[in-house]
Amino acid sequence: MSAGEAEYTYLKVPPVADLRACVGLVLAGMAARARIGVGRLEEAVELLEGFHSESAPTSFRFAVSEGTVVAEVEEPAEGGGSRWRTVVELVS
């Protein structure tokens, strides 16, 4: 999926453990929107939740394109700035 064809949904989760579940809610909603089965959804949510920081806000973005959901996490890039790293890709 190229950046030009995807529309992203962004989620910034504060460093509060109780809000970590928001990532799963968004991913489940995106999977439903793409009509993807939930067979491996729990594993995908656990993986994404593992990126949630308890010391600073964590930024995630999600995209749906042609039956695929991509979930990315923002991380620091070499030389400064940041980049988006694909963490989960669910395919129907």
Side-chain angles (χ1 to χ4, degrees):
M1 172 179 340
S2 70
E5 66 185 62
E7 288 189 30
Y8 290 96
T9 298
Y10 292 84
L11 174 66
K12 191 171 203 170
V13 182
V16 177
D18 290 344
L19 296 178
R20 186 175 294 144
C22 293
V23 176
L25 292 172
V26 173
L27 184 61
M30 299 298 277
R33 181 175 166 199
R35 292 181 165 75
I36 294 175
V38 295
R40 304 204 50 118
L41 186 61
E42 186 174 335
E43 291 174 5
V45 169
E46 287 178 16
L47 181 64
L48 281 174
E49 287 178 346
F51 283 91
H52 179 250
S53 171
E54 292 185 10
S55 61
T58 306
S59 294
F60 298 92
R61 74 178 183 179
F62 305 85
V64 173
S65 178
E66 299 177 13
T68 301
V69 175
V70 174
E72 301 175 326
V73 64
E74 188 176 30
E75 61 183 21
E78 289 184 28
S82 64
R83 67 182 184 102
W84 290 99
R85 176 178 170 203
T86 299
V87 179
V88 169
E89 189 168 345
L90 301 173
V91 179
S92 60

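Sequential numbering from 1 along the given sequence is applied to the chain's residues.
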Shared hydrophobic cluster for Leu25 and Tyr8 (ILVMFWY, side-chain gaps under 4.5 Å):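 Different clusters: Leu25 never reaches Tyr8 through Ile, Leu, Val, Met, Phe, Trp or Tyr contacts under 4.5 Å.
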Atom pair CG (Leu19) and CD (Glu49), whose distance is rounded to the nearest 0.5 Å: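 So the CG of Leu19 and the CD of Glu49 are separated by 11.5 Å.
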Val23 vs Thr58 side-chain heavy atoms within contact, under 4.5 Å: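 No, every pair of side-chain atoms sits at 4.5 Å or beyond.
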Side chain to side chain donor-acceptor pair (under 3.5 Å) involving Ser53 - partner list, sequence neighbours excluded: Ser55
Set of residues satisfying side chain to side chain donor-acceptor pair (under 3.5 Å) with respect to Ser92, sequence neighbours excluded: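 Ser92: no side chain to side chain donor-acceptor pair (under 3.5 Å) contacts found.
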Closest non-hydrogen atom pair between Ala44 and Leu27, with its separation: CB-CD2, 3.8 Å
Contact summary for Leu90 and Ala31, nearest pair of heavy atoms: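 Nearest heavy atoms, Leu90 then Ala31: CD1-CB, 4.4 Å.
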Under the side-chain contact (heavy atoms from CB on, under 4.5 Å) test, residues paired with Ala34 that sit two or more places apart: Ile36, Val64, Val69
For Pro15, all residues meeting side-chain contact (heavy atoms from CB on, under 4.5 Å), sequence neighbours excluded: Pro57
Sequence neighbours excluded - ring-ring contact (aromatic ring centres under 6.0 Å, His included) pairs with any residue from [range]:
{"range": "residues 17-76", "answer": "none"}
{"range": "residues 13-48", "answer": "none"}
{"range": "residues 10-33", "answer": "Tyr10-Trp84"}

Set of residues satisfying salt bridge (Lys or Arg N to Asp or Glu O under 4.0 Å) with respect to Arg40, sequence neighbours excluded: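 Glu43.
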Glu54: partners by salt bridge (Lys or Arg N to Asp or Glu O under 4.0 Å), with sequence neighbours left out: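 With sequence neighbours excluded, Glu54 shows a salt bridge (Lys or Arg N to Asp or Glu O under 4.0 Å) to Arg20, given in chain and number order.
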Pairs meeting criterion salt bridge (charged side-chain N to carboxylate O under 4.0 Å, His left out) with involvement of residues 22-33, two or more places apart: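 Not a single pair qualifies under salt bridge (charged side-chain N to carboxylate O under 4.0 Å, His left out).
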Pairs of donor and acceptor atoms involving the side chains of residues 70-77, under 3.5 Å and at least two apart or interchain, shall be tabulated with distances.
unit_1: Glu72; atom_1: OE1; unit_2: Arg61; atom_2: NE; d: 2.3
unit_1: Glu72; atom_1: OE1; unit_2: Arg61; atom_2: NH2; d: 3.0
unit_1: Glu72; atom_1: OE2; unit_2: Thr86; atom_2: OG1; d: 3.1
unit_1: Glu74; atom_1: OE1; unit_2: Ser59; atom_2: OG; d: 3.4
unit_1: Glu74; atom_1: OE2; unit_2: Ser82; atom_2: OG; d: 2.7
unit_1: Glu75; atom_1: OE2; unit_2: Arg83; atom_2: NE; d: 3.4
unit_1: Glu75; atom_1: OE2; unit_2: Arg83; atom_2: NH2; d: 2.5

